[in-house]
Each structure stands twice: as C-alpha cells, then as structure tokens.
Amino acid sequence: MAGAKKNFKATKKFEKKHLKGVLDQRKTSAKIKQRQQLKTKKHVKKAKDADFYKSSEDAESTSKTNGTKKATNVNDMSVDDFFGGGFEIIEKSQSNKKASKKLGKRKRDEPDEDDSASDEGNDLEISADEIPVASGSEDSGNEDVDDIGMSKDAMDALAEDDPEFYEFLKENDPDALEFDDADLAEVDELSDSEAEEQPKKKRKKDKKQEKGGEDIADNELTQATVARWKAALSEKQSLRAARQVVLAFRSAAHLNEDDENEGRRQPYKIASPEVFHDILIVALKQIPDVLQHHVPVKESSSGKVQVPTDSKKFKTLSMLLRSYISAILHLLGTLSDDATLKLTLSAITPLIPYLLSFRKLLKNLIKTVVGFWSQTTSSDSTRITAFLVLRRLVVVGDKGIREAVLKVTYQGLIAGSRVTNVNTIRGINLMKNSAAELWGLDQNIGYTTAFSFIRQLAIHLRNSIVHNQNESYKTIYNWQYVHSLDFWSCVLAEHCSPLKEAEAGKESQLKLLVYPLVQVTLGAMRLIPTATYFPIRFHMIRSLLRISRSAGTYIPLASALLEVLNSAEMRKSPKPSTIKPLDFHIAYKAPKSYLRTRVYQDGVGDQVVELFSEYFVLWSTNIAFPEFALPVIIMLKRWLKQSRRKTGGNNNNKVRSGLVLLVQKLEANAKFIEGKRAKVDFAPNDRAQVDAFLKDFEWEKTPVGAYVVAQRKAGAEKAKMLEQARKEDERKRKEEEQEALEENAARLDDEDEEMEDFDEEEEEEEEEEEEEEDDDSSSTEDGELE
C-alpha cells in the first residue's frame, strides 16, 4: 500500500510540474515531423511534375540551342527567339557595344530562387478562427509586396557605408529610395531588349514618348497618358507601358490615403473620376492579356497547367504580378458598385495559373474572394463571378489549394447564413447550390473535407445530448446548423445521383457519406420534440427528401411526421387568432404567441400534408407501395377518428379535410399498383424484375403524382402572390419613409425660418433699445450743460 501511495504521489507531482512540458515537447516534435513529411511530399510532387512536363521542356531546350547558333545579330532575331533563350550569349557578345550604355540604369540582381521556394513552402491551411471577411485593410494587399525589393537593412547599410551618396540621393532624387517602384525596373530592361529589334528612328520616337510619360510620374495623371499606354499595350504588348499602368493602378487603388505619413508616396496623382475610370478599365482588361502574351500558359486536357516559372522573364514579371494582385485585393475592399466588383473579380480568373507559386498571396486572395461570395450585401452577379474564381482555383490548383478553397468556402457559407430572412434566403440558396459543385471536382479531397465537417456536426449533436444543460440545445437549433445539414444534402444529391454516376462510369465516393449525414439529421430532428421547433423539423425532413429523391435511397420519415400529428398541439382544438401566418421557409422555431392558435395549426397541417405527399410520391411506382403506405393510412384514419370526438377532439376542419384528401390519394395509388402488379408473372425473389417494375412509367400519371403536381403548382402561385405582396409592402414602406423625411425636412425649414424671424425681431428690439439709450444719454448731457 505504501508503495502504491508513493507512486500515486509521484504521478500527481509529475502531472503538476512536468506533464505540460512533456506534452508541449511532443506537439513540437510532431509538428517538425509533419513539416518533414510535407517536404518529402513536395519533392515527390516536383519529380512527377518534371516527368509530366518533360516533353515541353525538351522542346524548349531544342529551341534554345537553335537560338544560340543564330544569336550573332540581335536585330535579326524575333521577339519569341530572343526571349526563348540565348540571354547569356547575347549579354557576353554585346557587353562592349554602345547599346548597353543606352540603358543608363543600374541592373538589379535577379530575384532569388529562395523567395519563390519559400512562397511554395508556405502552408495554405486555414484555421477555423479565420472566418473570411472582405475587409478593406491593407494587410490583404501589402503582405506580399513587403517581401519584394530592398529591405530596410540594405538602406541602413548604404547610409553607413556611403553617407554622402545617401544624403545626395535623399536631397536630389528621393524617388530613388522608394524601392517598391524600383523593383519593377527590370520590366523596363525587358522592354529595352524588345526595342532593339525596332528601327532607330522609331525607337527614338518611342523613347521620347516614354520619356515624356515618365516625366509625368510626379505629376497628375491625365487621360492622354492613359490613352497612350492603352495603345502601347494593345498594339505592341509593351512591358514598359504595363509597368506604368500597374503603378498608376496601384495609385488608384490607394486613392485618398495619406501614405506620406508612413514614408511612402504614390507615383501618380489622380484628380478626376474620368482618369480613375480609364486606368481601372485599362489595368483590369489589358494587363492579363499582356501577361498571357509574354508568359503563355499551357493547359492540358486533364486540366493541368504549365507555367514557365523557371524562365528569367517570369521571375522578372513576378514582381509586376505581385504588385498588380496586391493592388486588386486592396481595391476590392473599397468597392461597392456591382459592375466594378464584377469587372475586378473577373480580372483575377486568367491570372490564377501564375499565382499558384505564391502561396501567401494566394491565401489572401482565397479569403477575399470567399468574403465577397458570402457577403449578404453582395448581388447575385457578384456572387457568381466570385464563385467562378473559386472554381478555377479548384480546377487548376494542387491538392493543398483545393483543400484550402473547400475549407474557406464552407466557413464562408456558415458565416453568411447566420442571418436568414426574406431578403437573404435567396442568396443563401445560391451559395449552397454553387458551392455544392466544388465538392465534385475532386471527390478524393471532397470526401475527406466533407467527412470531417459532417463529423464535426455529429460531435456538436453528441455534446448537446450528453451535456444536457439549459442552453446546450442552442448549438444545434440555429440557422447555421440547419443550413449546414441542408448544404451537405445538396452536395450528396448533386453528386450521388444515378445520372452523374453513369457519366463518371463508377460509383461516387461521396455516397458513403449518406448514412452518417442521415443519422445526424434524424438525431438533430428529435432533439427537442416540442411544438415550438416544428419548423426546424420540417426543414430537416426536406433535406432528407432531397437525398432520397436524388440518390434513390430509402429514408424512413413517416414516423417523424406522425409524431407531429400526435402531439398535444395538433390533438386539441386551437384558439382563434388574427395574427399573421408564420412563414415556415424563413423560421426555424415558432414564437410563443403562435402556439395553440388556429393560424399555427393550419400552417403545421399544410406542412404535414405536403411533406407526406412528397415522401410517398418518391415510391409511387414501386411494386411494394400498397404495403409501404398501409401503416400510415391506418394511423391517419385513427387520428381523423379521434379528432371527430365532441370532447377532447380537434374541430379544425381545414386540417382534417387536407388529411382526408391525402388518405384518398394514397388508397387510390395503392389500388393502382395492385392492379398493375396483378399482371406480372415473376416472383418477389426476382430482384431484377422487381426493380424494373414500372421503371419507364411517368410518376406524374399516378394518383399521388398527379396530386403532388397540382399541389406544387398551387404552392408556386401562392409563393408568387406572397412575394408580390411583400414587394408592395416594401414599396409602400419606402414611400412612407420618404414622405416622413420630406415632412421632417419641411418642418425643419419652417423652424429655421421662424428662428430667423425671431432673431431679426430680437435684433430690431436691441437696435431700438440702443437708440433709446442713446437718446436718453444725449438728453441727460443736454440737461447737464444747461
């Protein structure tokens, strides 16, 4: 016993003093191990990519060898031959010529390959706390731009080594110390090399024009300058003009921001809205075309893209690309117009293949685009444009990018569905239907992410059941949980249908998620079986009906609807009331004022009849329909019999008439199936013949099918009338608000006029008093003189 006590004390002491440190050490070692595994995976992936692109690289190498042989005269080379190879030979052969002196600029070193490697190594994992928001902060845009160019240490070293030269630059050429713009100077070097193949007269003329354009750099940007840049981009695909356009576009993105306090000054000043509009149009429409012209992207039939990231031209243009994308991300946070937002987002789509190697910038891009896709204030066109960007990312990106896009998209959907009302329900449905497509593009990653999120929903449900506290159910009974279950039902319904599986030629991997999702939904449905939460039960039943309809899976839902009918709310007669009917499509619980009222009971009865009919129409052509519908028919008849009692019955004729009609349709459909199957000549054990029974027969022609078609038509007309009434009420409310504002403005004007009249009267009285005082003082002076 003493030894056991001693061991127990030692264990307690270890837990108190050392356990936390040991666990932290294990976590750090696990993280290091995970990083090593990621590195090995990346090496393997690079090797596979090298094999995939080997043929194209061989073609490039042959073109380079041919180019080196013919590189004796640069003027005789074409632009493609010049950029295709032979850079080193040309630099050596022309190092002693005067052409190199014409550049007049100090060449900067090439961007280090370690930078791109570090970008590729950045993890794209998005934590659950990082909810995507379309913010206007500069962090999203300038996080990667800060990595470009000379650092502050380099400037300090220059100041220490050569202080006289540093002071000279500071006094005479302060723009030379703005290294953000200097990073784009290598683009000018490429433009100079392009100009070598032009005639001398034309080259001098172009240099004068470009010089005139550079003189404006510290001045106000004009429409003539933008027009000249536009012509240079469209006619000659000029990289020098592209650099100036990107600098001007960045100035437009940071318009009306006081950057001088931070030591940064934008190169262009934009004063007129026309110039702002022109530079936005030129930058957003033509810069992607210029990049595609100089660094073309090759895309295979399988969706893989090939970008020549190892070429010198791409490394130089990567600085231009980073600055351009950062300006776009910053500009998005300041825009509110739908047309401009759509144009800006659509400019990102052709640039996505170039951004795959910039992981940090790509992470900010995903979060920003998902933020606009999930914003409640975004229009449908903006949401669709943002979704096209996300879809392109999933199609072109690797597994890490796809997983990051799916995770952030799901987080954005949950964040955007927190508030559900008449105005937002349409946008939420658009988000669910569009996002469901992403999970089918790569079903391997789609399965893993969907499984983790469905498991998360199951954990929330289990915690709510185990920790049965007063407020624990609220983690389940809220709009976000309801929309999450409904979204996964949309995903499975879209990608597990027999038609999609026939097109793919194999069974969908996502079909394995049907069972866990149904179990979680059924458990959440019965968590609190009270009349207050009948609306949320109806929402979840509709989600399960969608899965059953598309995947052809039988889900038992009749008992959940019979529980509603057998509740105390539906057994007793309701109280009369004049409150507005409850809209079950935008409510997940009923207010207390609706309970035990005729309005609420009528609505619940309509929902039960509609869901019963939608449930039975799925199996209206099944050979076992008579036996399938018999228990429900018996239960409904029993409820109708109890409701006719004088004491303790339910005298709501509307609910009873709806259920009587439903029973009649079910019995008619059962007789219809019995008549059809009386003519068959196969036994029940012949599974193939049983499945083929009435397979080509249209379900709309069955008794239950015809009833459902009429019911859907009536429901659509009712929804249309309600929408028109809502719009009319909204219009009247706006008119009343406008009238109230006008009345207030008129009343304020009258009050101002009255105050002005009152002030004038006071001034007149003061003047009269002053005149009287002057008269009195003059009369007293006269009396004293006398």
Side-chain angles (χ1 to χ4, degrees), residues 128-129 131-133 370-371 373-378 380 383 407-436 450 453-465 470-493 517-518 520-547 560 564 580-595 600 603-604 607 611 719 722-723 726:
D129 298 330
I131 295 176
V133 177
V370 170
W373 175 76
S374 61
Q375 263 186 354
T376 55
T377 56
S378 298
D380 291 347
R383 290 179 192 270
K407 286 182 178 180
V408 180
T409 301
Y410 181 71
Q411 291 172 4
L413 172 65
I414 299 304
S417 61
R418 182 178 287 111
V419 178
T420 302
N421 50 39
V422 179
N423 300 317
T424 61
I425 188 65
R426 182 179 175 184
I428 292 171
N429 290 332
L430 176 62
M431 281 196 294
K432 288 190 286 191
N433 293 329
S434 59
F453 287 129
I454 293 173
R455 180 176 177 273
Q456 197 175 33
L457 296 174
I459 291 172
H460 285 306
L461 178 61
R462 185 190 63 185
N463 292 337
S464 179
I465 295 172
N470 293 331
E471 303 294 328
S472 62
Y473 71 93
K474 289 188 177 179
T475 58
I476 306 300
Y477 281 5
N478 56 66
W479 272 124
Q480 290 176 305
Y481 199 90
V482 173
H483 285 305
S484 181
L485 290 174
D486 191 62
F487 167 68
W488 293 120
S489 72
C490 291
V491 172
L492 298 183
L517 180 63
V518 170
V520 172
T521 308
L522 290 175
M525 187 191 306
R526 290 186 166 93
L527 183 63
I528 300 181
T530 58
T532 304
Y533 292 102
F534 281 166
I536 199 171
R537 176 176 291 225
F538 298 149
H539 282 293
M540 294 182 182
I541 289 175
R542 282 191 171 85
S543 301
L544 295 177
L545 284 174
R546 182 186 294 115
I547 297 175
V564 174
K580 186 180 178 180
L582 182 67
D583 192 352
F584 285 86
H585 294 285
I586 56 171
Y588 72 91
K589 71 173 184 177
K592 289 185 178 180
S593 58
Y594 279 85
L595 300 179
Y600 185 59
V604 171
Q607 293 291 315
L611 293 173
L722 289 174
E723 183 67 17
R726 187 186 66 81

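- You'll find the side chain of T376 stays beyond 4.5 Å of the side chain of V419, heavy atoms only.
- Here SG of C490 is found 11.0 Å from CG of L485. Values are rounded to the nearest 0.5 Å.
- When side chains are defined from C-beta on, L582 does not count as touching K589, because their heavy atoms never get closer than 4.5 Å.
- Rounding to the nearest 0.5 angstrom, the gap separating the CD1 atom in I428 from the CG atom in L413 is 8.0 Å.
- Within the structure, the side chain to side chain donor-acceptor pair (under 3.5 Å) test picks out the following pairs touching residues 529-538 (sequence neighbours left out): R537-E563.
- A pairwise comparison of heavy atoms in V370 and V408 identifies CG1-O, 3.4 Å as the closest pair.
- Side-chain N or O atoms of N478 include one that pairs as donor or acceptor with a backbone N or O of T475 at under 3.5 Å.
- To the nearest 0.5 Å, the span separating CD1 on I414 from CZ on F487 amounts to 8.0 Å.
- Closest non-hydrogen pair, S484 versus L457, comes out as OG-CD1, 3.4 Å.
- Of all heavy-atom pairs between Y600 and A531, the closest is OH-O, 2.5 Å.
- A587 and P535 get closest at one heavy-atom pair: O-CB, 3.3 Å.
- Atoms CD1 and CZ, from I465 and R526 in turn, are 12.0 Å apart once rounded to the nearest 0.5 Å.
- In this structure the side chain of R418 never reaches within 4.5 angstrom of the side chain of T424, judged on heavy atoms.
- Residues S417 and W479 have side chains not in contact (no heavy-atom distance under 4.5 Å, counting atoms from C-beta outward).
- With values rounded to the nearest 0.5 angstrom, D486 atom CG is found 9.0 Å from I547 atom CD1.
- Of all non-hydrogen atoms in Y588 and H539, the two that sit nearest each other are CA-CD2, 4.5 Å.
- Side-chain atoms of Y481 never come within 3.5 Å of backbone atoms of H460 as a donor-acceptor pair (strictly under, hydrogens ignored).
- Looking at heavy atoms from C-beta onward, L544 lies in side-chain contact with L522 at the 4.5 angstrom threshold.
- Considering all non-hydrogen atoms of both residues, L595 and A590 come closest at CD2-CB, 4.5 Å.
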Open item on the list: Pair S434, W373 - check side-chain contact (heavy atoms from CB on, under 4.5 Å), show working.
Closed with: CA-CA 10 Å; S434 59; W373 175 76; 3.4 Å; yes

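- Under the 3.5 Å distance criterion, the side-chain polar atoms of Y477 are left unmatched by any main-chain donor or acceptor of V482.
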TODO: Please step through side-chain contact (heavy atoms from CB on, under 4.5 Å) for the pair Q607 and V564, ending with a clear verdict.
DONE: CA-CA 10 Å; Q607 293 291 315; V564 174; over 6 Å; no

Task: side-chain contact (heavy atoms from CB on, under 4.5 Å) between W488 and T521, intermediate numbers included - done: CA-CA 11 Å; W488 293 120; T521 308; over 6 Å; no

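- In this structure, I425 CD1 and H585 NE2 are separated by 9.5 Å, a value rounded to the nearest 0.5 Å.
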